[in-house]
Amino acid sequence: MSPTSTATRAEYCVIACAEAWRDNGEVLASPMGLIPSLGARLARRTFSPDLLLTDGEALLVGPDGTAEGWLPYRRHLAMVTGGKRHVMMGASQLDRFGNQNISCIGDWLRPARQLLGVRGAPVNTLNNPVSYWVPKHSARVFVERVDMICGVGYDSAAAAGPSATRYHHIPRVVSHLGVFDFATPDHTMRLVSVHPGVTADQVQEATGFPLALPDEVRCTREPTAEELRLIRTELDPERLREREVPSA
């Protein structure tokens, strides 16, 4: 496939994830998962050159993984607690206010399925911006109410008070169907764009609660020829992205 040929669904997802870090300035990007990682590296290579990337352990790295500097734990912690990091996490469940669950399915006292556990989700969501990536959009993931709150949503943060809302922000949710935000008066999830070949009705049918809609639901922006070249020849030449989001 040549760099100038039609973009795949996975490549639109990479672009949508990259856009989460647009205009973020010098913050630490913490993507979790392949396509979010490709998005963060693409953003750094193109429209967000001040973005900081890490190897996940102790180093700041460039888009190619080359070490650029040391990231001691105390500095990482200062960035986390001061809003200077933007995480993109996964979600087993997300509700209309952005509450996220990665811990268990069913009642916490007797769950039907045990998942990852709460891990760092509460600290992430209360201390720095957090976006979400969902590779398989369905009503089992986008639910009316999560079974357990791990990542804090807008209603939960508001109920907890100013200490919870100071740095709380969910810039965007990306799935294999479209892009979402919470730019509504009551901070409920809104459909922003659909990927090519997807309709707003299809997205709503795959969502377990009513989505807010803008006056016009647009298409996710197309990658440029240079962005496609970077994705295909430098960032992911083995096309692992297509395994995570197969072409529709």
Side chains of [X] and [Y]: does their closest heavy-atom pair fall under 4.5 Å?
| X | Y | result |
| --- | --- | --- |
| L177 | Q202 | no |
| Y12 | E222 | yes |
| T188 | D155 | no |
| E19 | V179 | no |
| I102 | L115 | no |
| E227 | F47 | yes |

Without swapping roles, check the side chain of [X] against the backbone of [Y] for a donor-acceptor pair under 3.5 Å.
| X | Y | result |
| --- | --- | --- |
| S48 | W21 | yes |
| E244 | A10 | no |
| N99 | G153 | yes |
| H176 | H137 | yes |
| T125 | G151 | no |
| T8 | E11 | yes |
| D236 | R241 | yes |
| H195 | S175 | yes |
| Q204 | F209 | yes |
| Q93 | E144 | no |

Donor + acceptor pair across side chains of D201, T199 (<3.5 Å):
no
Consider only side-chain N and O atoms of N101 and S103, and report whether a donor and an acceptor are under 3.5 Å apart.
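Note: N101 and S103 side chains miss the donor-acceptor criterion.
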Which atom pair, heavy atoms only, marks the closest approach of F97 to I170?
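Minimum heavy-atom separation between F97 and I170: O-CD1, 4.3 Å.
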Within a reach of under 6.0 Å around CD of E238, are more than 12 heavy atoms found that belong to other residues, nucleotides or ligands?
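No, not enclosed.
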For atom CZ of R22, decide whether the heavy atoms of other residues, nucleotides or ligands shown that lie under 6.0 angstrom number more than 12.
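Count over threshold, so yes.
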Nearest 0.5 Å please: distance from the [atom1] atom of [X] over to the [atom2] atom of [Y].
| X | Y | atom1 | atom2 | answer |
| --- | --- | --- | --- | --- |
| E226 | I231 | CD | CD1 | 10.5 Å |
| R113 | D147 | CZ | CG | 11.5 Å |
| L52 | R44 | CG | CZ | 7.0 Å |

Is the Y154 ring parallel, tilted or perpendicular to the H169 ring (thresholds 30°, 60°)?
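The rings of Y154 and H169 stand perpendicular, inter-plane angle above 60°.
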Charged N to carboxylate O below 4.0 Å: is that the case for R9 and E242?
no
Ionic contact status for D181 with R172, cut-off 4.0 Å:
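Not counted as a salt bridge, because no side-chain N and carboxylate O are separated by less than 4.0 Å.
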Is there a side chain to side chain contact (heavy atoms under 4.5 Å, CB included) between R239 and R232? Walk through the geometry before answering.
CA-CA 7 Å; R239 299 182 65 182; R232 295 174 180 179; over 6 Å; no
Looking at Q100, M32, R119, which one forms a side-chain contact (heavy atoms from CB on, under 4.5 Å) with N124?
M32
